[in-house]
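One-based numbering, in listed order, for ligands and for the atoms of each. Note that this is a predicted model, so its numbers are computed, not measured.
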Amino acid sequence: MSDDAANLSSAVGCLRAAKNVVVFTGAGISAESGIPTFRDSDGLWQRFSPERFATWDGLLKTAVADPRLFADFLIAVLEPIAVAAPNAAHLAVAELERHIPVTVVTQNVDGLHQAAGSTTVHEVHGSIFEIVTLGGRFVRLLSRAEVREIVQKLREAKEAALALPKALRAIHSMLGPGGVSIHRPKIVLFGEAMAEPAWTLAQEAAEQCDCMLTVGTSATVMPAAMLPGIARSVGARVIDVSIEPGEADFPVTGPAASVLPALVRLAFG
Ligand code: NAD
């Protein structure tokens, strides 16, 4: 038996024997829904440097200095999410909970696990759809259709003579002054604290699982990348599904939208 076949078979055994599974996902699980990852060779950070675009300070300075580039960046981030639907990998994760208790912990901000039907989802880097005050108080949820509208208005802003005020108006429902405070999407940019209570609940879930399935994550973004280590420290086995071989007890190499449905079908028929 090849290493891949042996790992797939061990992964199936691990899922069947599990009493408590954590599925820990990263950008790779949404790649086949058309949402690019950040770090891969065609990822977002190749076009837009994280120094300029991954902090609020850098973003605001870019907005003032080059509003059209600011609009380009927002369109590049928001548009794929605005038009995305769950793929076969998200659906397989949702299907898994019909067979065993599953907690989904995701670094993604795209809402696709919930759209696929997963019921317990901890978004440790927040969500593009959840609008909060600067102090973190909940304001409202945006719909995917509203994000599509923002993208459309950003395109118009790029063509306008006064691009900055038009771009700021375009994103007003997501980011800007509102009521008594400035509001913003609840997403975790570089240097910010993890989203709560999701992060605390994610660590608790990792401490209580006996099998962790990591999917489409380079496991390099700290502190989220600590979760597989936490699971291992309590004796859980770790399955990794990625297009690049990952560090895990059972690494299964391949695109998530093909591997995950096969894994769930083999484990539970
Ligand atoms: P990453 O970009 O660091 O790594 C993605 C991993 O997925 C890589 O190891 C890559 O080889 C793998 N991958 C790519 N396509 C795949 C596929 N079809 N099937 C299986 N694996 C595939 O992603 P990360 O570790 O999640 O960290 C990036 C950070 O950026 C996260 O914190 C996340 O918040 C954010 N992000 C989110 C989204 C989203 O919400 N969809 C998209 C991009 C980035």
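Shown in contact with S242 at under 4.0 Å from a heavy atom are these atoms of ligand 1, numbered in order with element: 9 (O), 11 (O), 12 (C), 20 (C), 21 (N). When each atom of ligand 1 is checked for a heavy atom of A256 under 4.0 Å away, the hits are 17 (C), 19 (N), 20 (C). The E244 neighbourhood of ligand 1 comprises atoms 11 (O), with distances under 4.0 Å to a heavy atom of that residue. Ligand 1 places these atoms under 4.0 Å from at least one heavy atom of G26: 26 (O).
With salt bridges taken as basic N to acidic carboxylate O contacts below 4.0 Å, one links R155 and E79. Ion pairing of R232 with E247 is absent here, as no side-chain N (NZ or NE/NH1/NH2) approaches a carboxylate O to less than 4.0 Å. Of the charged side-chain nitrogens involved, none lies within less than 4.0 Å of a carboxylate oxygen, so that D72 and R68 do not count as a salt-bridged pair.
Using a 30° and 60° split on the angle between ring planes, H113 and H90 fall in the perpendicular class, above 60°.
For the 3.5 Å distance criterion, the side chains of T120 and T103 fail to qualify, holding no donor opposite an acceptor.
By the 4.0 Å heavy-atom criterion, P36 is counted among the residues contacting ligand 1.
When hydrogens are left out, the protein atom nearest atom 41 (N) of ligand 1 is D110 OD2, 2.7 Å; that is the closest non-hydrogen contact.
Of the candidates P245, S30, S218, the one placing a heavy atom closest to atom 3 (O) of ligand 1 is S218.
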